[in-house]
J.: 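Before I ask anything, let me first share the structure, which is written out below as structure tokens.
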Amino acid sequence: MFESLNAVEWEKLSHSHGSAAEVPARFAALVGESDEKRDAALEYFWEFMLHQGSRYEASPYVVPFLFEVLDASQFPLQRQLIDLLLG
């Protein structure tokens, strides 16, 4: 999963609060074992990539990776992730 995540120059892309440099770490948390960190990562994507319905420079770059997470049948927040993608 996420084979090409580091090929994206996240630090050069922006989101609602500045640089998207922490996106790889947020994806790691999203698929990690901690429910708390997973929830926080999902909230990050809502807040920073789709803030108040707006899309940002980094927003389209996260979409393919969100689909990778969704494709993982063991991911426990599939409904919430679908809601994010529909946003």
J.: Ignoring hydrogens and geometry, is there a side-chain-to-backbone donor-acceptor pair from W46 to G87 under 3.5 Å?
T.: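 Checked: no pair found.
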J.: Looking at side-chain heavy atoms only, is the closest gap between V62 and F45 below 4.5 Å?
T.: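 Contact flag for V62/F45 side chains = yes.
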J.: Mind checking salt bridge (charged side-chain N to carboxylate O under 4.0 Å, His left out) for D39 and listing every partner two or more places apart, or none if nothing turns up?
T.: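 Once residues adjacent in sequence are excluded, D39 has no partner under the salt bridge (charged side-chain N to carboxylate O under 4.0 Å, His left out) criterion.
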J.: Distance check, rounded to the nearest 0.5 Å: D71 atom CG versus Q78 atom CD?
T.: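 D71 CG to Q78 CD: 9.0 Å, rounded to 0.5 Å.
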J.: Roughly how far, to the nearest 0.5 Å, is the CG atom of L84 from the CD atom of E43?
T.: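 Here the interatomic distance stands at 10.0 Å.
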J.: Is the ring pair Y44/F48 parallel, tilted or perpendicular, if the boundaries are 30 and 60 degrees?
T.: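 The arrangement is parallel - the two ring planes meet at less than 30°.
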J.: Could you check whether any side-chain N or O of S16 sits under 3.5 Å from a backbone N or O of M49, counting only pairs where one atom can act as donor and the other as acceptor?
T.: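 No, S16 side chain to M49 backbone: no donor-acceptor pair under 3.5 Å.
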J.: Minimum heavy-atom separation for E11 to S19, with atom names?
T.: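 Closest approach of E11 to S19: O-OG, 3.4 Å.
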J.: Quick one: side chain to side chain contact (heavy atoms under 4.5 Å, CB included) partners of S14, sequence neighbours excluded?
T.: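 With neighbours one apart ignored, the set is E57.
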J.: Are E47 and H17 close enough that a side-chain donor and a side-chain acceptor fall under 3.5 Å?
T.: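 Yes, a side-chain donor-acceptor pair sits under 3.5 Å.
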J.: For residues 21-35, which side-chain N or O atoms pair as donor and acceptor with protein atoms under 3.5 Å away, sequence neighbours left out?
T.:
{"from": "E22", "atom 1": "OE2", "to": "R26", "atom 2": "NE", "distance (Å)": "2.8"}
{"from": "E22", "atom 1": "OE2", "to": "R26", "atom 2": "NH2", "distance (Å)": "2.8"}
{"from": "S34", "atom 1": "OG", "to": "E36", "atom 2": "N", "distance (Å)": "3.4"}
{"from": "S34", "atom 1": "OG", "to": "K37", "atom 2": "N", "distance (Å)": "3.1"}
{"from": "D35", "atom 1": "OD1", "to": "R38", "atom 2": "NH1", "distance (Å)": "2.6"}

J.: Should we say atom OH of Y61 is surrounded by more than 12 heavy atoms from elsewhere, each under 6.0 Å from it?
T.: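 Not buried by this count: 12 neighbours or fewer within 6.0 Å.
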J.: Can you measure from CG (L86) to CD1 (I82) and round to the nearest 0.5 angstrom?
T.: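 Atom-to-atom, L86:CG and I82:CD1 are 7.5 Å apart.
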J.: Can you tell me how far the CG atom of L85 sits from the CZ atom of F67, to the nearest 0.5 Å?
T.: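 If we round to the nearest 0.5 Å, L85:CG and F67:CZ are 4.5 Å apart.
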